[in-house]
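Each chain gets a letter, A, B and so on, in the order its sequence line appears, and its residues count up from 1.
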Protein chains: 2
Amino acid sequence: MRNTKQRQVVLDILRNTDTHPTADWVYEQARKVLPNISLGTVYRVLGRLQEEGLVVQLDVGSRKSRFDGKPGQHQHIVCERCGRVADVPDVIDHIASERVQNLTGYRVHAHRVEWIGVCPECHNAQP
Amino acid sequence: MRNTKQRQVVLDILRNTDTHPTADWVYEQARKVLPNISLGTVYRVLGRLQEEGLVVQLDVGSRKSRFDGKPGQHQHIVCERCGRVADVPDVIDHIASERVQNLTGYRVHAHRVEWIGVCPECHNAQP
DNA sequence: TTAGATGCAAAGGGTTTGCAACGTC
DNA sequence: GACGTTGCAAACCCTTTGCATCTAA
């Protein structure tokens with residue numbers, strides 16, 4: 001994999017935000033640095049970064065994918081009013097995984113948890 | 001909401017399968033009973049059933065949505081080799097929810113868990 | 001009778017891809 | 001110089017929607 005300007009910029013944007021952005025948001029940011037970058041390239045770079053494990057793709061209900069540039073053992077909580085996504089530390093222990101393994105016969109490799117609620121901003125705006 | 005043939009057929013199909021099918025699978029099945037049903041109608045019926053809480057829509061990574069006609073307090077495990085989806089009882093307790101609430105400031109209303117692993121069939125085929 | 005549901009086909013919208021030009025290694 | 005990457009635009013594919021028609025209540 002070559003270390004192109006486009007790749008550097010996309011990775012940089014993802015690593016310097018906590019907003020779990022969509023591909024087109026990344027594209028808009030990237031254009032501020034590289035005005036000629038194309039949306040197709042953003043998607044291709046995101047795809048490669050994901051294969052390499054540097055980025056995680058989230059499917060949180062809506063049609064657009066969101067991307068997390070700080071992968072690790074954490075999960076996400078989505079605000080059901082505004083769609084804002086925040087990180088949550090993993091509260092699932094391995095006892096739960098073992099129970100799932102026993103109950104289903106599947107070999108459990110990972111889990112993905114999404115909490116759904118209302119973020120403080122939305123709750124304050126309309127209690 | 002009117003109780004049309006189309007609605008009955010779609011709900012029936014969903015309630016009589018454990019496969020968490022995609023919209024076009026439901027469409028193919030429905031055509032065996034109502035040859036003139038359209039894909040648009042399948043989508044509209046699925047949308048309404050979801051609003052009514054009779055069906056739950058899953059976004060499990062791939063681009064197609066899958067639908068669960070037996071909603072309830074259970075989650076899903078997805079086979080990373082074949083994409084098969086199975087049900088898992090909820091192993092997340094409310095203590096975990098409270099921890100998330102305290103950690104994030106969000107009011108937690110629900111959680112969605114997806115386990116990822118390898119199903120018995122795939123594992124047996126290629127240990 | 002009539003408001004809501006359907007079938008059809010076209011439009012939407014996010015994502016992917018073919019291809020020639022480009023830029024790393 | 002070779003080959004992976006890019007920009008562009010068109011293609012893709014799942015899903016939604018407009019509209020005339022139909023049908024459950």
Q: Rounded to the nearest Å, what distance is computed from the CG atom of residue A:Leu46 to the C1' atom of nucleotide C:dT16?
A: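 A:Leu46 atom CG is separated from C:dT16 atom C1' by 13 Å.
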
Q: Using whole Å, report how far CG of B:Leu34 lies from C1' of C:dG7.
A: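 Computing the B:Leu34:CG to C:dG7:C1' distance gives 12 Å.
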
Q: Given D:dT5, C:dA5, D:dC14, identify the nucleotide with an atom nearest to the side chain of B:Lys64.
A: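 Among D:dT5, C:dA5, D:dC14, the one nearest the side chain of B:Lys64 is D:dC14.
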
Q: For the CZ atom of B:Arg7 and the OG1 atom of B:Thr4, what is their distance to the nearest 0.5 Å?
A: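 That separation rounds to 7.5 Å.
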
Q: Let me know the distance between CZ of B:Arg48 and P of D:dA24, rounded to the nearest Å.
A: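 So the two atoms are 14 Å apart, to the nearest Å.
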
Q: Ignoring backbone atoms, test whether A:Gln6 places a side-chain nitrogen or oxygen under 4.0 Å from the OP1 or OP2 oxygen of C:dG23.
A: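 No, no such contact exists.
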
Q: Between A:Arg48 and A:Glu51, does any side-chain N to carboxylate O distance fall below 4.0 Å?
A: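 Answer for the salt bridge query: no.
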
Q: Out of curiosity, A:Asp87 CG to B:Leu103 CG, how far, rounded to the nearest 0.5 Å?
A: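 These two atoms lie 11.5 Å from each other.
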
Q: Identify all pairs in which a protein N or O lies below 3.5 Å from an N or O of nucleotides 18-21 of chain C, and state each distance.
A:
from   : atom 1 : to      : atom 2 : distance (Å)
C:dG18 : O6     : A:Arg44 : NH1    : 3.2

Q: Can you name the nearest heavy-atom pair linking B:Pro120 to A:Gly105, along with the distance?
A: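 Scanning both residues completely, I find the closest heavy atoms to be CG-O, 3.4 Å.
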
Q: Which heavy atom of A:Tyr106 sits nearest to which heavy atom of B:Cys119, and what is that distance?
A: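 Looking at all heavy atoms of both residues, the shortest contact is CZ-CB, 3.5 Å.
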
Q: Going through the checks in order, is the side chain to side chain contact (heavy atoms under 4.5 Å, CB included) test met by B:Asn102 and B:Val100?
A: CA-CA 5 Å; B:Asn102 292 335; B:Val100 170; over 6 Å; no

Q: For the side chain of A:Arg63, counting heavy atoms from C-beta on, which of C:dT6, D:dC14, D:dA25 is nearest?
A: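 Of C:dT6, D:dC14, D:dA25, D:dC14 is nearest to the side chain of A:Arg63.
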
Q: Run the numbers on A:Ile116 and A:Ile77 for side chain to side chain contact (heavy atoms under 4.5 Å, CB included), then give the verdict.
A: CA-CA 6 Å; A:Ile116 297 105; A:Ile77 182 162; over 6 Å; no

Q: Apply salt bridge (charged side-chain N to carboxylate O under 4.0 Å, His left out) to B:Lys70 and list each qualifying residue two or more places apart in sequence or on a separate chain.
A: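 Counting only residues at least two positions away or on another chain, B:Lys70 forms a salt bridge (charged side-chain N to carboxylate O under 4.0 Å, His left out) with B:Asp18.
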
Q: Starting at the 5' end of DNA chain C, which residue's closest nucleotide do you reach first, B:Val45 or A:Leu39?
A: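 Closest to the 5' end, via its nearest nucleotide, is B:Val45.
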
Q: Rounded to whole Å, please give me the gap between CZ in A:Arg66 and P in C:dT15.
A: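 About 11 Å, once rounded to whole Å.
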
Q: Using whole Å, report how far CZ of B:Arg7 lies from C1' of D:dA25.
A: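 My rounded result for the distance is 14 Å.
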
Q: Between C:dT15, D:dA24, D:dT16, spot the one nearest the side chain of B:Thr4, thanks.
A: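 When the side chain of B:Thr4 is considered, D:dA24 is the closest of C:dT15, D:dA24, D:dT16.
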
Q: Let me know the distance between OH of A:Tyr43 and P of C:dT17, rounded to the nearest Å.
A: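 One finds 13 Å between P of C:dT17 and OH of A:Tyr43, rounded.
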
Q: Set out, in order, the CA-CA distance, both residues' side-chain angles and the distance that settles side chain to side chain contact (heavy atoms under 4.5 Å, CB included) for B:Gln8 and B:Asn3, then state yes or no.
A: CA-CA 7 Å; B:Gln8 288 166 18; B:Asn3 195 22; 3.2 Å; yes

Q: What is the nucleic acid contact for B:Ile37, judged by heavy atoms within less than 4.0 Å: base, sugar-phosphate only, or nothing?
A: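 The residue B:Ile37 makes sugar-phosphate contact but no base contact.
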
Q: Can you name the nearest heavy-atom pair linking B:Val88 to B:His76, along with the distance?
A: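 The answer is CG2-C, 4.0 Å.
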
Q: Would you mind reading off the distance between A:Glu52 atom CD and D:dT5 atom C1', rounded to a whole angstrom?
A: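 From A:Glu52 CD to D:dT5 C1': 13 Å.
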
Q: On DNA chain D, compare the nucleotides closest to B:Ser65 and A:Gly40; which residue's is nearer the 5' end?
A: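 Going by which nucleotide is closer to the 5' end, it is A:Gly40.
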
Q: Within this structure, what is the CG-to-P distance between A:Leu49 and D:dT5, rounded to whole angstrom?
A: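 So the CG-P distance, A:Leu49 to D:dT5, works out to 11 Å.
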
Q: Pull out every residue in residues 11-30 of chain A that has a heavy atom closer than 4.0 Å to any atom of DNA chain D, ordered by number, or say none.
A: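 Here the set is empty: none.
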
Q: So what is the end-to-end bend of the helix from C:dT1-D:dA25 to C:dC25-D:dG1, with 5 pairs used at each end and the value given to 10 degrees?
A: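 Terminal axis comparison yields 40°.
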
Q: Taking the side chain of A:Thr41 as its heavy atoms from C-beta onward, which of D:dG7, C:dG7, D:dT16 lies nearest to it?
A: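 Nearest nucleotide to the side chain: D:dG7.
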
Q: Report the distance from atom CD of A:Glu114 to atom CD of A:Gln75, rounding to the nearest 0.5 Å.
A: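 Answer for the CD-CD pair, A:Glu114 versus A:Gln75, is 10.5 Å.
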
Q: Which is it for A:Asp90 and A:His111 under the side chain to side chain contact (heavy atoms under 4.5 Å, CB included) test, yes or no, and what are the steps along the way?
A: CA-CA 10 Å; A:Asp90 190 0; A:His111 58 266; 3.0 Å; yes

Q: A:Gln57 and A:Ser65: side-chain donor and acceptor closer than 3.5 Å?
A: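 There is such a pair (donor and acceptor under 3.5 Å, judged by atom type) between the side chains of A:Gln57 and A:Ser65.
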
Q: Write down the protein N/O and nucleotide N/O pairs, taken from nucleotides 21-23 of chain D, whose separation is under 3.5 Å; answer none if there are no such pairs.
A:
from   : atom 1 : to     : atom 2 : distance (Å)
D:dT23 : O2     : B:Arg2 : NH1    : 3.1

Q: Closest approach of B:Arg66 and B:His20, non-hydrogen atoms and distance?
A: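 Closest pair (atom of B:Arg66, atom of B:His20, distance): NH1-O, 2.8 Å.
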
Q: Quick one: name the residues clustered hydrophobically with A:Phe67, using the 4.5 Å side-chain heavy-atom rule over I, L, V, M, F, W, Y, and just say none if it's on its own.
A: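 Reading the cluster by chain and number, A:Phe67 sits alongside A:Val9, A:Val10, A:Leu11, A:Ile13, A:Leu14, A:Trp25, A:Val26, A:Tyr27, A:Val33, A:Leu34, A:Ile37, A:Leu39, A:Val42, A:Tyr43, A:Val45, A:Leu46, A:Leu49, A:Leu54, A:Val55.
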
